[in-house]
Amino acid sequence: MVSPRTKCLSWIAISGGLVLVGSLFFCDAWVARAARGRCLASVSEVPEAPVALVLGCSDYLPDGRKNLYFTRRIAAAAELFHAGRVRALIVSGDNHREGYDEPSAMKAALVREGIPAENVACDYAGFCTLDSVVRAREVFGQTRFIVVSQRFHCERAVFLARERGIEAFGFDATRVGGAAGLKTRLRESLARAMAVVDVALLDTRSKFLGPSVKVELASGSPR
């Protein structure tokens with residue numbers, strides 16, 4: 001026979017689980033709604049802007065294989081630049097330990113795609129999406145930009161940007177499917193909840209700012 005105490009604890013656990021799941025769904029919907037109509041899959045639909053903010057990740061997986069998230073973001077950023085929708089790129093990522101440098105890897109890959117090195121600015125303190133978005137304005141002086149990443153990531157970045165008063169759109173890199181894509185999407189649910197907490201409850205600010213950095217724009221105007 002189950003004791004009253006055990007029943008009570010079970011109901012508390014079940015109720016807590018339901019609240020947690022409901023909160024995750026609420027935050028997911030909030031982020032998606034804020035980004036609705038602003039994350040675009042066709043380069044011809046992307047509005048013109050001075051720069052694109054390319055969100056970083058490692059170029060290789062721990063087992064040595066190429067990271068599809070990386071290669072597809074690079075391809076999307078190059079397409080955006082060559083189509084004349086933006087005139088420069090900010091590559092923002094992690095560089096917190098020796099031998100790990102996401103921005104430099106992204107810049108090198110973009111140069112191989114035919115983008116002039118002078119039109120690619122590196123943000124070495126993009127340790128999280130919030131940092132990347134805030135630093136794009138506070139350090140690189142951009143109040144309007146196109147975020148480049150996969151759709152789920154673009155939506156969160158656009159949400160964070162709009163909550164900070166920044167005009168942002170997203171250009172969706174090709175999604176990554178399979179087990180890797182599912183695992184990333186599950187992590188994204190938690191990341192979206194944290195994003196809502198950051199802007200709605202904690203008013204979290206970027207911990208790393210620093211001196212202003214000028215972004216060199218390619219000559220001419222976006223077509």
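Source: prediction; values computed, not measured. Throughout, numbering of the chain's residues begins at 1 and tracks the sequence.
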Q. To the nearest 0.5 Å, what is the distance between CZ (Arg164) and CG (Leu130)?
A. 5.5 Å
Q.
Given 3.5 Å as the limit, does a donor-acceptor pair link the side chain of Thr71 with the main chain of Leu68, or not?
A. yes
Q. With no hydrogens and no angle check, is any side-chain donor or acceptor of His82 less than 3.5 Å from a backbone partner on Ala77?
A. no
Q. What do the steps show when you test Ser206 against Asp131 for side chain to side chain donor-acceptor pair (under 3.5 Å), and what is the final call?
A. CA-CA 5 Å; Ser206 177; Asp131 284 339; 3.0 Å; yes
Q.
Out of the candidates Glu155, Arg72, Arg73, only one should pair with Ser149 under the side chain to side chain donor-acceptor pair (under 3.5 Å) rule; please name it.
A. Arg73
Q. If you measure from the Lys or Arg side-chain nitrogens to the Asp or Glu carboxylate oxygens, is any gap between Glu45 and Arg85 under 4.0 Å?
A. no
**Q.** Gln150 side chain vs Thr174 backbone, donor-acceptor pair below 3.5 Å
**A.** yes
Q) If you draw a 6.0 Å radius around OH in Tyr100, do more than 12 non-hydrogen atoms from other residues or ligands fall strictly inside? A) yes
Q) Short question: side chain of Arg151, backbone of Arg175 - any donor-acceptor pair under 3.5 Å? A) no
Q) Given the rule that I, L, V, M, F, W and Y join up when any side-chain heavy atoms are under 4.5 Å apart, are Phe26 and Val31 in one cluster? A) yes
Q: Answer with yes or no whether the hydrophobic clustering places Phe169 together with Leu80; edges join I, L, V, M, F, W, Y residues whose side-chain heavy atoms lie under 4.5 Å apart.
A: yes
Q: Answer yes or no: is there a donor N or O on one side and an acceptor on the other, between the side chain of Gln142 and the main chain of Phe140, under 3.5 Å?
A: yes
(Q) For residues Ile146 and Ile115: do they belong to one hydrophobic cluster (side chain heavy atoms under 4.5 Å, members Ile, Leu, Val, Met, Phe, Trp, Tyr)? (A) yes
Q: Flag yes if Val215 and Ile166 sit in one hydrophobic cluster, no otherwise; membership is Ile, Leu, Val, Met, Phe, Trp, Tyr, and two members link when side-chain heavy atoms are under 4.5 Å apart.
A: yes
Q | From NE2 (His153) to OH (Tyr69), nearest 0.5 Å | A | 11.0 Å
**Q.** Hydrophobic cluster identity match, Met194 and Val147, side-chain contacts under 4.5 Å
**A.** no
Q.
Strictly distance-based, threshold 3.5 Å: is any side-chain N or O of Arg192 a donor or acceptor partner for the main-chain N or O of Arg156?
A. no
Q) Hey, does the side chain of Asn67 reach the backbone of Ser58 with a donor-acceptor pair shorter than 3.5 angstrom? A) yes
(Q) Would the distance check show the side chain of Arg135 and the main-chain N or O of Phe208 forming a donor-acceptor pair, the cut-off being under 3.5 Å? (A) yes
Q: Kindly compute the distance separating CG (Leu55) from CD (Glu102), expressed to the nearest 0.5 Å.
A: 10.0 Å
**Q.** Spatial distance of atom SG (Cys57) from atom CE (Met106) [nearest 0.5 Å]
**A.** 7.5 Å
